[in-house]
Amino acid sequence: MTNARRDFRDEELLADVIARLIGDVRHIAVGNASPIPATAALLARERGKGRPYVSLLQSRKHNFFTDGARELFDCAGQGRIDVFFLSGGQIDGAGNVNLVSTGDYEHPKVRFPGSFGSAYLYYVVPKVILFRVEHSRRTLVPKVDFISAPGASAGNIYRPGGPIALVTSRCLFSFANGRFTLASVHPGHTVEEVIENTGFDFERPTSVPKTPAPTGATLTLLRETVAPQLAEVYPQFAAQVFGIGQAAVAQ
Amino acid sequence: MTNARRDFRDEELLADVIARLIGDVRHIAVGNASPIPATAALLARERGKGRPYVSLLQSRKHNFFTDGARELFDCAGQGRIDVFFLSGGQIDGAGNVNLVSTGDYEHPKVRFPGSFGSAYLYYVVPKVILFRVEHSRRTLVPKVDFISAPGASAGNIYRPGGPIALVTSRCLFSFANGRFTLASVHPGHTVEEVIENTGFDFERPTSVPKTPAPTGATLTLLRETVAPQLAEVYPQFAAQVFGIGQAAVAQ
Amino acid sequence: MRVNMFQLAKSLDEALAALTDGCMLVVPREVSGVPMAATRALIRRGVKRLHLVALPTSSLQADLLIGAGCVETLETSAVSLGEFGPAPRFTAAIIAGAIKMKDATCPALHAGLQAAEKGVPFMPLRGLIGSDVLAYRDDWKVIDSPFGNSDPIVLLPAIKPDVALIHATMADRFGNVWIGRQRELATMAHAAVKTIATVEKIHDGNLLDDPVLAAGTLPGFYVESAVVAERGAWPLGLPDYYAADADHLAEYAALAATEDGFAEYLERYVYDKRAA
Amino acid sequence: MRVNMFQLAKSLDEALAALTDGCMLVVPREVSGVPMAATRALIRRGVKRLHLVALPTSSLQADLLIGAGCVETLETSAVSLGEFGPAPRFTAAIIAGAIKMKDATCPALHAGLQAAEKGVPFMPLRGLIGSDVLAYRDDWKVIDSPFGNSDPIVLLPAIKPDVALIHATMADRFGNVWIGRQRELATMAHAAVKTIATVEKIHDGNLLDDPVLAAGTLPGFYVESAVVAERGAWPLGLPDYYAADADHLAEYAALAATEDGFAEYLERYVYDKRAA
């Protein structure tokens, strides 16, 4: 690898990449078991000096909802959630995500937990960021075995939302017109490695940029300001990545 | 009049008539500005030793709803409200009620407040008791000018509910098969007077019973137990009919 | 660290800035905390051509706005002064054909707002079939339910107000508003593009920090502006906090019976800012 | 005088009497107050052939009931132990074809319950079209919205459970249950024929008498039975009151990975009544 000395962790890079994708929006919601997207959302809020609103669904502190479990979906249906994150047991080159099973649906080989809210949120949230750390031919497949939610829809289907990007441990893909394009390769990884480990076809420019490393200012913000907030919801993650103990949980 | 000496007020008689119509049910709801139906509902609850539930929509004390203004209608849609009361600027012989206007709808002669929940509750509450004190050819008409809610519906229309009776200052009509039948005439009134003052045709048996006067026990219950409860919601009514002052408001 | 995107408005007029001429405005029923101080401020400002949706009924508020010439279209299930009799300016405007009336029934309005809350184009509702309420609403559709066998049912289009205007007990500096059991206020806020709240007082701290208060709180996320208006529902009541002013309502009913009397009422209680 | 039709149940088993074999049972998601003590009691009683609706997801509760052979049909959006990994008994049962699975998506379950709450046969929902979630649900219909122009939309049938089973902080002797922000518990109770609640403690007095508590209260009118089960959500958490028992959940995940280990778990934590 051409990197000299890395002064950041993978999680910090990924959070920085995601925070840039978020852009200038009013409200980000982050679902369950998503510590890196949650880190990115809190980072975006710090950079925006309080904007956007961030709803961490597992948090009590960073959670504005008071109308029960359906409010997230109602809120998204109202157009009030600008960014959401989805993952998938399988993701294919058309942006379809599979959270259900592999093999035949009636006689599956592997069963995943289920579609959660994907079959709705993928359609109505303007910026859905796909996030899957494991970048392999097992996860990034030519065609998913079960479509929990499709990457694109016919013109007469109500669909103000959809995928804008896919972030993995190796690279960033952007998504437009029903296809992924390799947007940048993370420090320490190569285009060839991405091609080798990706099961679907994707576009790529003749010269693929390198994902910029997080700046010193970003790392300071992450470590000193974001990490303590994260510890309420993801204590193990905050401890492991940022060395934050429970005592440091911010008010 | 054949009555010797009356030891009860009209309101007490009407509340007693309505309480008998209510029968053995689980939940009565009483809408706004309905002091006599409210009296009847509370009387039924006293006789039932706590059954049925009574929801007085204007009350805080006698009101179980915590899901906002829609809960009454949701609750009725669930089949959880057994008895409700409706009135009408006009009521016709088919049980149609008009709460909107007389004359042409686009150029009305008289405008009433509006249909309230009638166009829904009349369909879904099993026992709707029509209540209109003024018994005249102005209120009880051959055909209403505007159907806020129809007395009956075609067989394929979802309609578990509808009218069971009409109570006026002069008499009690029962309602079945799309028509009213004179069930009893109140003490001090006559069949001829009812015919004279009713704008619609109705069935009547060869001998029309007299509405029984409230018993001494009923009057005691009304005056000593029901009236103080009523005073929270209908202080003027409770004072006027039962001589109950604000100080007597029950807990 | 919790950061704050919200700023309390400095005046009632500032709080009402987002409520513009010609907008669709949803207001709550007469017993749910009616923003009467805000209503008087709107009349003073001379707001025009409102499409007023009263969820699901109204009393003094609709009557005042209609009498003052602020309303072009009224969508509700009933307007009445209750024990003080008919709503005189509403009644007069209907008879004169001065406003466009969209007669509804209470649950249809709730369902229309809930459709907007859920981001769906319509909501089904039982009842209605065979009524003239349905007959005169060409924006309501009847379909044969695909889950039944010759089972007609009404579909009501979503009602998406530009502004929801509410009055409640308290707000905090994060824009959170405590609405208690008046949960239709939450549905209104969810359905509307913007929500403006007047409140009796400011709660120090964050209403969402206390689980008991949070249960009755509309999150600030939905609130465009909030401002203190003490006794802001007067002469109507605020549930659990103060009762309606019966003497004043009787005075209104008497004055508003004539156009001249109504003008006198406006002069005395609306245009004279001291009474606001 | 306020009279009382309600009686607190004398035991957990008595409270659960209305929950019979073969019924449709709705339970809340893993973070909303899951009646785990009640779930263990049901397994001890040997409840069978449940149509379990988890609104909209589940963790330990569904996995336990499935592993213990209580479930015939499962209708939910996901079952997972979250950070403790996949739900092993759920996964094994699906692979083995041992339960009938009705895969859904979260808002579709909310909408189905809301349809029952509103007494309508169906509820519309955006999204879904083009997904295999829709493709495998022959009870869901697609119509062309009569308010659009070639605008297909999904209609979901009402979900009307026989029983809603919930766990909450407190109930009073009138059957009122304080549910706080977990308002899906109210929707479940409204939609279900009968609601059974376990609670941490009894509130003296009437929850509806205090406007602040009332705002978070499910009225006793909807509640069939209620009983105290202290730490009744354990090893899951109760929002704002206690956290999930991470050590226990890790132990469960490890044991339930095999059938023998699961049997050992049942023996140790379910059939041994001391642990209930």
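A note on names: the letters A, B, ... follow the listed sequences, proteins ahead of strands, and every chain is numbered from 1. What you see below is based on every heavy atom in this structure, not just the backbone, and it leaves out hydrogens, waters and symmetry mates.
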Inset, instruction - Could you look at C:Ala189 and say if it's the side chain, the backbone, both or neither that has a heavy atom under 4.5 Å from chain A? - result: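 Answer is backbone: N, CA, C or O of C:Ala189 sit under 4.5 Å from chain A.
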
Inset, instruction - Examine whether an atom of C:Ala115 lies under 4.5 Å from a heavy atom of chain A, and if so say whether it belongs to the side chain, the backbone or both; otherwise answer neither. - result: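 Neither part.
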
Crowded around [X] [atom1]? As in, over 12 foreign heavy atoms under 6.0 Å?
X	atom1	value
C:Lys160	NZ	no
C:Asp139	CG	yes
C:Glu14	CD	yes
C:Lys48	NZ	yes

Taking [X] for its side chain and [Y] for its backbone only, find out whether a donor-acceptor pair lies under 3.5 Å.
X	Y	answer
A:Gln78	C:Gly119	no
A:Arg70	C:Lys118	no
A:Arg80	C:Val193	yes
A:Thr66	C:Ala215	no

Legend entry - C:Glu117 side chain reached by A:Asp67 side chain, heavy atoms, under 4.5 Å: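 Answer yes - side chains close enough.
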
Legend entry - Straight-line distance of C:Phe6 CZ to A:Tyr53 OH, nearest 0.5 Å: 7.5 Å

Legend entry - Trace of the side-chain contact (heavy atoms from CB on, under 4.5 Å) decision for C:Phe221 with A:Cys75: CA-CA 10 Å; C:Phe221 177 72; A:Cys75 198; 3.7 Å; yes

